[in-house]
Amino acid sequence: MSRRMNTKSRQARLRWQRGAAAIEFALVAAFGGLFILLFGVIELGRVMYMMNTANEATALGARVAIVCDMDDDRIYQRMAQVMPTLRDSEIDIRYYPANCTATGGANATSCQSVTVSIASNMKINTVVPFIPLSIKMPKFSTTMTREAMDSAGCA
């Protein structure tokens, strides 16, 4: 009789264990999926931050360019302070009209505006493990009209 009870209790235990593997898999899959989703959201936020920083760097570059002489080194320096990964070769500064001269004083009046842009060949490398992604940044540009264009008042 005791053998029969052991068999019944073993069958009851097995019946309770049938769904345990499925439940364990569901829990692991859910937490793993949430971890991947969390990592993706963090990475998307980092990419958006880099794009916002590029936009702010062009706005600051244009602001410095309209109060300094043409192609003053301070334009590149201030943009690099905002976005340290930015190289001078990725910055494009154009004065309008194309044949204007802005060297300070009375000659500076021939320039009407300046456009500062960051080249679109710049890439953002993600830090996702085992999946190396490189996202191409769009071209950012800011145009401002002339104010002083004189490095004496440039800050």
Side-chain angles (χ1 to χ4, degrees), residues 16-155:
W16 281 98
Q17 292 291 321
R18 281 186 193 161
I23 291 172
E24 288 173 6
F25 175 75
L27 289 172
V28 169
F31 287 123
L34 287 175
F35 180 72
I36 291 170
L37 181 67
L38 177 68
F39 202 74
V41 167
I42 290 171
E43 190 61 28
L44 178 66
R46 196 180 72 79
V47 168
M48 295 301 291
Y49 172 77
M50 292 293 290
M51 289 186 177
N52 186 47
T53 302
N55 190 33
E56 291 297 320
T58 59
L60 179 64
R63 176 73 180 114
V64 173
I66 61 173
V67 296
C68 294
D69 284 336
M70 281 181 121
D71 298 320
D72 194 312
D73 285 337
R74 286 176 274 199
I75 302 167
Y76 298 100
Q77 291 169 359
R78 292 293 302 273
M79 288 179 75
Q81 287 175 350
V82 173
M83 191 171 185
T85 59
L86 191 61
R87 295 185 304 261
D88 289 354
S89 61
E90 296 168 334
I91 300 171
D92 183 34
I93 302 172
R94 295 184 189 264
Y95 294 89
Y96 297 101
N99 58 356
C100 73
T101 58
T103 56
N107 295 337
T109 59
S110 64
C111 288
Q112 298 302 312
S113 66
V114 64
T115 299
V116 177
S117 58
I118 294 177
S120 62
N121 62 353
M122 194 171 171
K123 296 191 186 278
I124 301 171
N125 295 319
T126 60
V127 291
V128 178
F130 309 115
I131 307 171
L133 287 174
S134 185
I135 299 170
K136 186 176 178 183
M137 188 180 289
K139 183 176 182 177
F140 289 95
S141 65
T142 301
T143 301
M144 291 189 173
T145 56
R146 178 179 63 86
E147 282 186 21
M149 289 193 178
D150 180 13
S151 282
C154 183

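Rounded to the nearest 0.5 Å, atoms OG1 (T126) and CG (L44) are 11.5 Å apart. Taken to the nearest 0.5 Å, the CD1 atom of I118 stands 8.5 Å off from the OG1 atom of T142. For the atom pair CG of L37 and CD1 of I42, the computed distance is 10.0 Å after rounding to the nearest 0.5 Å.
Taking 4.5 Å as the limit, every side-chain heavy atom of R94 sits out of range of all side-chain heavy atoms of S117. Inter-residue side-chain proximity for Q77 and V64 is flagged as unmet; no heavy-atom pair is nearer than 4.5 Å. For the pair M83/M50, a side-chain contact is recorded, criterion being any heavy-atom separation below 4.5 Å from C-beta on.
By the side-chain hydrogen bond (donor to acceptor under 3.5 Å, both in side chains) test, N125 pairs with S134, sequence neighbours left out. With sequence neighbours excluded, no residue forms a salt bridge (Lys or Arg N to Asp or Glu O under 4.0 Å) with D88.
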- [ ] Quick one: do E43 and L133 satisfy side chain to side chain contact (heavy atoms under 4.5 Å, CB included)? Show the steps, please.
- [x] CA-CA 11 Å; E43 190 61 28; L133 287 174; over 6 Å; no

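Contact between V116 and I91 at its shortest, heavy atoms only, is CG1-CG2, 4.3 Å. Closest non-hydrogen pair, S141 versus T115, comes out as CB-CG2, 4.2 Å. The two atoms that bring F140 and T58 nearest to each other are O-CG2, 3.6 Å, heavy atoms only. Here the shortest heavy-atom pairing between D72 and Y76 reads O-CD1, 3.8 Å. Pairing each heavy atom of M137 with each of A54, the nearest pair is SD-CB, 3.6 Å. Residues M144 and A59 come closest through the heavy atom pair CE-O, 4.0 Å.
Other residues, nucleotides and ligands contribute more than 12 heavy atoms inside 6.0 Å of the OH atom of Y96.
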